[in-house]
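What you are looking at is a predicted structure, and each value in this text was computed from that prediction instead of being measured. Start at 1 and go down the list; that is how both ligands and their atoms are numbered. Side-chain atoms are counted along with the backbone in the values below, which use heavy atoms only and exclude waters and symmetry mates.
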Amino acid sequence: MSETNTAAEVAAPHRYTAAMAADIEARWQDFWDAEGTYEAPNPAGDLAGDPELAARPKKFIMDMFPYPSGAGLHVGHPLGYIATDVYARHQRMTGHNVLHTLGFDAFGLPAEQYAVQTGTHPRVSTEANMENMKVQLRRLGLGHDKRRSFATIDADYYRWTQWIFLQIFNSWYDTEADRARPIAELVAQFESGERPTPDGREWGVLSAAERADVLGQYRLAYASDAPVNWSPGLGTVLANEEVTADGRSERGNFPVFKAKLRQWNMRITAYADRLLDDLDGLDWPEAIKLQQRNWIGRSEGARVGFPVDGAGDITVFTTRQDTLFGATYMVLAPEHELVERIIPAAWPEGTHPVWTGGHASPAEAVTAYRKQAAAKSDVERQAEAKDKTGVFTGAYATNPVSGEKVPVFIADYVLMGYGTGAIMAVPAHDARDFAFARAFELPMRCVVEPSDGRGTDPSTWEDAFSSYEAELVNSANDEISLDGLGVVEAKAKITEWLKAHGLGEGTVNFRLRDWLFSRQRYWGEPFPIVYDEEGIAHPLPESMLPLELPEVEDYSPRTFDPEDADTQPETPLSRNADWVNVTLDLGDGPKKYRRETNTMPNWAGSCWYELRYLDPNNDRRLVDPAIEQYWMGPREGQPTGGVDLYVGGAEHAVLHLLYARFWSKVLHDLGHISSAEPFHKLYNQGMIQAFVYRDSRGIAVPAAEVEERDGAYYHGGEKVSRVLGKMGKSLKNAVTPDEICGEYGADTLRLYEMAMGPLDVSRPWDTRAVVGQFRLLQRLWRNVVDEETGEVTVVDTEPDEDTLRALHKAIDGVGQDMAGMRFNTAIAKVTELNNHLTKAGGPLSRSVAERLVLLIAPLAPHVAEELWRRLGHTESVVHQDFPVADPAYVVDETVTCVVQVKGKVKARLEISPSITDEELEALALADESVVAALGGAGIRKVIVRAPKLVNIVPA
Ligand code: ANZ
């Protein structure tokens, strides 16, 4: 119990105290649950049919759903949940049909690692964690439609996750129609001969395995042997998005290596252009849009072929084809397939010793260098500052415009996964090539004349000259000259020339890679895929879904020495022979199959959960189309449809938010949903930070035990340092919502979190300041209820003019602030009104008290519900209309402005005190008496002193 209300309790038994808050809150939470107060009706589809409801504007308001972590919630977690709840409540009170609920994202590495640490089955620990979080969340009074909540680990949810996987597996991207289509339509094209097979043979003569291979090149979900990110320490492969800038696993911070493994992928790259273009219509923070644009990374350039004797062409991707005459060597990614084909048996006569790296033969050099490169991450390989390493392959290619023989190297600064995995090196104009050329004593040729006066001899330069604002030089052969052209014109001209000569063509390249979709984990969705005895993958029929995770003894991932790149992943599901080897009838009689033993990544479940909220119990289809159309469909201002408000942390910029957009587009293309984007408006809330106190050894001490004396901090007598950091158990500074609810009540916690500052800004938690919001509620209570008798004190008289002005200004401001998610200023305005009422003294008019209660209802719903009922209402405050301001009381009071002509008063104007000089001048000059006094004379000068005086000097 708080000390703030002990003494007074005896004298004022009906004061708003922590005990009373606890009673009020528990009572209304039970009531709301029992009544289904927050249940959002589906006015469309096969669940209902209420035209009045269907005519109401809808608001689908969502939070990024939580992982049920074992640590439970601290006060930082619910910041976004409270904000969406306040917003949803305000929307509900302004005539919207509001859908607001919260589920759990319960598959994935964190849940599994926690389970492994504690030795319990992931389902057991995950469910216990969810129960705990549900209790914590319920105490906050969040107005969720609980019927619509679910966890991604529920079999009747992941059944549909698997179903969507099958949809993706069973479709291909038609680049002409620019959308996904069922794979059956592609098969029909092959069958009819409308589309030739890759090797030109008839579809009918291809074997089953050959057909599967061909289709695998088109399917939007496909298995391939490509270099993937392998993290031995985690025991699983990872998507590019899960690898940090310094080449480690985002989770666990383990080293990540490139390894060639057969894995499932999602062809997200087919959607690169649409994922870029559709960003324009979304109401998202610019910073997040920019991160997605950069991640997708569209660049326009050209592909150019450099012939190698006897080995065909090396095709490079370049964005600077204008510099082709300056390409003096080439580099292949170490893993490039052509390397084997171009290396000669021995070093050519006279090969520079720096080029060979001291190796006896090209083959030996390549093997050694590949091993070295595999241990580095893509980011490390690309780092500008690093010394450039590489080896000569012993082969030469021909520059197609200069005709020169150029040596071909392998070097790790060229990545296999980008462009073609091969570059033409233009050392004079590219910084990395410049550094490499210096290290390997390679020639440089200036082909873009430096505009900074350094001259055209690169041997005298300190760095490359790379600019688009310059002219080409040294770039001519018998057929074409780029000399004198600007970079942009030169690019266009050479691209056309290359195309005409069959040497290359203009192309667009994306940084985005296909999404690596398998994980070597137990705790994820099993793939609905089996392999026949030939190894051909078959989708399970819908009737066999869900394919449930088997109950197993040993669910732990097999992890390895984090540094050992030569290890191979092992899937936990593969240890269960009974589950893996099955006899199934897939339509052609019972046959033996082997199940896929990888599981889906933890991002799968969050790729479509917004859709399940709409129609959570549908077991016949993903979502009823009419219901989806009502809540998510495109409409004015929302060209691609989607959730009306989605609130969560900015850390998901390119993971969840990119994957979910991709799945939406596939489902849209296949006709399952009308929306082409999942989230129309995105909002990133700030973080709640907390002070971290450390002793002289740098070890965090419990923040709650720290004392402040004269601006210094002490723990157990020892001086400690204080910095602002994250809140969490490990830093011993976590404050739980339960503690604050116990001490003051959930309404106070809600108000405090919303009052701390603008929602999108990070802010430090200060437990001592929470009481300020508690006092606001106490004063509010006291303005309506007699603390001694518990009687409602309102009277049925009309409020005075002053009070009406204060009230309507507050109504106007609070309404706008809530709609704009400025909850901190909304609270300031409620506080101001409440203070005004306290100061005015005497009992409140009923009409004022009721509107005061309605104003605070979205923020402090429990106390508002209690007061609303005490004021005599039988219906919940939740569905009342939010008060509407009377504009007559909102405008400021007027002041009198004197207008003089030649120093004589000619008019008095009643105007707003906040009028601008320009507005006031216009009003004064339009006034009849002023016009008369001027008598048609021109004006020499107008002196304006808003809002009190205007002096006009005629010409
Ligand atoms: C010649 C050249 C000359 C280049 C010049 C740049 C400057 P963005 O804009 O990111 O798309 N490149 C191409 N493929 C690569 C790979 N797999 N690994 C590393 N580098 C690669 O960058 C495109 C440029 O990056 C390409 O244009 C190529 O170098 C290099 F003065 O070609 B450029």
Side-chain angles (χ1 to χ4, degrees), residues 226-227 240 258 269 272 276 293-306 314-339 373 376-384 386 388-390 397 399-402 406 408-437 442 444-451 456 458 461 463-475 482 486-488 490-491 494-495 498 504 506-513:
N240 290 351
K258 284 277 175 220
T269 50
L276 267 184
R293 288 198 182 102
N294 289 341
W295 188 261
I296 297 167
R298 186 178 198 276
S299 18
E300 282 183 34
R303 282 177 195 242
V304 186
F306 283 63
I314 298 177
T315 304
V316 303
F317 170 69
T318 173
T319 47
R320 291 299 302 273
Q321 56 271 40
D322 54 303
T323 63
L324 187 50
F325 284 93
T328 51
Y329 68 100
M330 299 187 74
V331 184
L332 299 181
E335 309 87 346
H336 202 291
E337 288 165 357
L338 271 181
V339 174
K376 283 199 209 162
S377 73
D378 285 0
V379 177
E380 281 176 295
R381 287 170 55 160
Q382 292 246 292
E384 293 289 342
K386 282 265 163 61
K388 295 283 168 281
T389 64
N399 180 320
V401 288
S402 69
V406 294
V408 182
F409 281 73
I410 57 172
D412 63 9
Y413 76 96
V414 174
L415 304 177
M416 193 54 226
Y418 190 73
T420 60
I423 66 159
M424 64 179 208
V426 185
H429 304 295
D430 179 274
R432 289 170 300 176
D433 299 345
F434 187 91
F436 190 90
L442 286 154
M444 304 196 196
R445 178 180 305 126
C446 171
V447 291
V448 182
E449 184 163 19
S451 43
T456 55
W461 299 355
D463 54 10
F465 174 77
S466 50
S467 168
Y468 273 67
E469 312 289 314
E471 283 180 9
L472 275 282
V473 290
N474 296 328
S475 295
L482 304 176
V487 168
V488 177
K491 273 176 89 164
I494 188 81
T495 308
L498 288 168
T507 161
V508 175
N509 194 60
F510 291 95
R511 198 179 158 264
L512 183 69
R513 294 282 74 108

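Of the heavy atoms in Ile423, only side-chain atoms (C-beta onward) come closer than 4.0 Å to ligand 1. When heavy-atom distances to ligand 1 are checked against a 4.0 Å cut-off, Val426 comes that close only through its side chain, counted from C-beta outward.
Side chain of Thr323 to main chain of Gln321: no donor-acceptor pair is present (N/O by atom type, distance under 3.5 Å, no hydrogens or angles). Within the 3.5 Å criterion, the main-chain N or O of Asn509 finds no donor-acceptor partner in the side chain of Tyr418. No donor-acceptor pair under 3.5 Å is formed between the side chain of Arg303 and the backbone N or O of Thr315.
Checked against a 3.5 angstrom limit, the closest N/O atoms of Gly419 and ligand 1 fall outside it. The shortest N or O to N or O distance between Thr319 and ligand 1 is under 3.5 Å. Checked against a 3.5 angstrom limit, the closest N/O atoms of Thr323 and ligand 1 fall outside it.
Between the choices Phe465, Phe434, Tyr418, the shortest heavy-atom distance to atom 10 (O) of ligand 1 belongs to Tyr418.
Annotation: the span from Leu512 atom CG to Thr269 atom OG1 amounts to 6.5 Å, rounded to 0.5 Å. Between the NE2 atom of His336 and the OG1 atom of Thr420 there is a distance of 5.5 Å, given to the nearest 0.5 Å. In this structure, CE on Met424 lies 8.0 Å from CG on Asn399, to the nearest 0.5 angstrom.
The aromatic rings of Tyr413 and Phe436 sit tilted relative to each other, their planes meeting at an angle between 30° and 60°.
Counting atoms of ligand 1 from 1 in the listed order, those under 4.0 Å from a heavy atom of Met424 are 1 (C), 32 (O). If you number the atoms of ligand 1 from 1 as listed, the ones under 4.0 Å from a heavy atom of Tyr413 come out as 18 (N), 19 (C). The contact set between ligand 1 and Thr318, taken as ligand atoms under 4.0 Å from a residue heavy atom, comprises 1 (C), 2 (C), 26 (C), 27 (O), 32 (O), 33 (B).
Heavy atoms of Asn509 come nearer than 4.0 angstrom to ligand 1 in no pair at all. Using a non-hydrogen distance threshold of 4.0 Å, Ser299 registers as a contact of ligand 1.
The salt bridge (Lys or Arg N to Asp or Glu O under 4.0 Å) search around Arg298 returns Asp273, Glu300, not counting sequence neighbours.
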